[in-house]
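Predicted model, so just to flag it, every value in this text is computed and none were measured.
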Amino acid sequence: MTPLKKIAILDDYQGVALSMGPWDRLPAGVEVTVFRDTLKDQDALVARLLPFDAILAMRERTPFPGALIKRLPNLKLLMTTGERNRSLDIAAANAQGVTVCGTSSSGAPTVDITWGLILNLMRDLPAQAASLRAGTWQTSVGTAVGGQTLGILGLGKLGTAVAKVGQAFGMKVIAWSTNLTSEAAAAVGVTRVEKRELFAQSDVVSLHMILSDRSRGIVGAAELAAMKPSAFIVNTSRGPLIDQAALIAALQEGRIAGAGLDVYDEEPIPATHPLMSAPNALLLPHLGYVSKQNYGAYFKGAVEVIEAFMAGNPIRVLAP
């Protein structure tokens, strides 16, 4: 048996973690503390987390670099919601004797948000809803998605799911990524094109790539300049995939029709950030994974991880 006494749940913005998981299954004497805010200052974070022997991180809201982990000598179990988290230094945790585990998740709710952004942008729905409430009627003409070209950067699990919806709408779907082959794209009814062709041909570009040193800034000024003035770009993956300054300039200068963003270089995005006032930008507070089904799976999975760890048989252990 590996006892745990104090468990911290971090960054529960909506205050729902305790109501959406079977925490009452944990043994008597295990204390669960929820924190609803995100601390950026490492000294403050260490002071907060020092007493805890188990911590549940909500996605990448609070990163755990090696420097932070080394300052938490009481930590035995570090958990993340979901099956991977690139903001955790797993090797540093393991070197300190900390077990790192993930939880289960539910489906691919990011696909919903991607299509919500695409449809709202192309049909100008937010502005039309606001216009109606202001007493005006039909002030713009939107674009139907059928017959348009959808360009997907990254034809993995999520990219393929987004492509299938586009195909159901009657869109032509093209895709590019570094390792994507024409055969793999054709297998799901998609045409592989070169990167510049994708930006030049697409009416909507949607990003579905993992953030890495190679993919950081993969959409820059050159890619945005290749887009049609009538085209939109949507990012529900990771903010730094797009060069933020180049995107802001393209929006401010009207060189693209608009952008739909659910992810940012810094989260939560500051209220004074230039994107907040950029024209034709539909901004969401990183809702891609935020669904009742997904949260339920996260917190049920966390309880399962804690139970297994305390029984001496850790599950869903993440490798460095």
Participant: Taking Glu223 first and then Arg196, would you say they form a salt bridge - that is, a charged N and a carboxylate O separated by under 4.0 Å?
Facilitator: no

Participant: Salt-bridge test for Arg238 and Asp262: reply yes if a basic N is under 4.0 Å from a carboxylate O, no otherwise.
Facilitator: no

Participant: Can you name the residues that form a salt bridge (Lys or Arg N to Asp or Glu O under 4.0 Å) with Lys76, not counting sequence neighbours?
Facilitator: none

Participant: Enumerate, atom names and distances included, each donor-acceptor pair closer than 3.5 Å involving a side-chain atom of residues 106-127, sequence neighbours excluded.
Facilitator:
| from | atom 1 | to | atom 2 | distance (Å) |
| --- | --- | --- | --- | --- |
| Thr110 | OG1 | Gly288 | O | 3.4 |
| Thr114 | OG1 | Thr110 | O | 2.9 |
| Thr114 | OG1 | Thr236 | OG1 | 2.9 |
| Trp115 | NE1 | Val162 | O | 3.3 |
| Asn120 | ND2 | Gly116 | O | 2.6 |
| Asp124 | OD2 | Gln128 | NE2 | 3.2 |
| Asp124 | OD2 | Ser140 | OG | 2.6 |

Participant: Distance-only, no hydrogens or angles: does the Glu253 side chain make a donor-acceptor pair with backbone N or O of Ala250 under 3.5 Å?
Facilitator: no

Participant: Is a side-chain donor-acceptor pair under 3.5 Å present for Tyr295 with Gln14?
Facilitator: yes

Participant: Ion pair present between Lys5 and Glu31, side-chain N to carboxylate O less than 4.0 angstrom?
Facilitator: no

Participant: According to salt bridge (Lys or Arg N to Asp or Glu O under 4.0 Å), who are the partners of Glu194, at least two apart in sequence or on a separate chain?
Facilitator: Arg192

Participant: Among side-chain atoms of Tyr13 and Thr38, is any donor-acceptor pair under 3.5 angstrom?
Facilitator: yes

Participant: Is there a donor-acceptor contact under 3.5 Å from the side chain of Lys195 to the main chain of Ile218?
Facilitator: yes

Participant: Tell me whether Arg59 forms a cation-pi arrangement with Tyr289, defined as NZ or CZ under 6.0 Å from the six-membered ring centre and within 45 degrees of its axis.
Facilitator: yes

Participant: Return yes if a side-chain donor-acceptor contact under 3.5 Å exists between His273 and Glu266, otherwise no.
Facilitator: no

Participant: Taking 4.0 angstrom as the limit, do Asp203 and Lys228 come out as a salt bridge?
Facilitator: yes

Participant: Does Ala8 offer a backbone N or O that forms a donor-acceptor pair with the side chain of Thr33 under 3.5 Å?
Facilitator: no

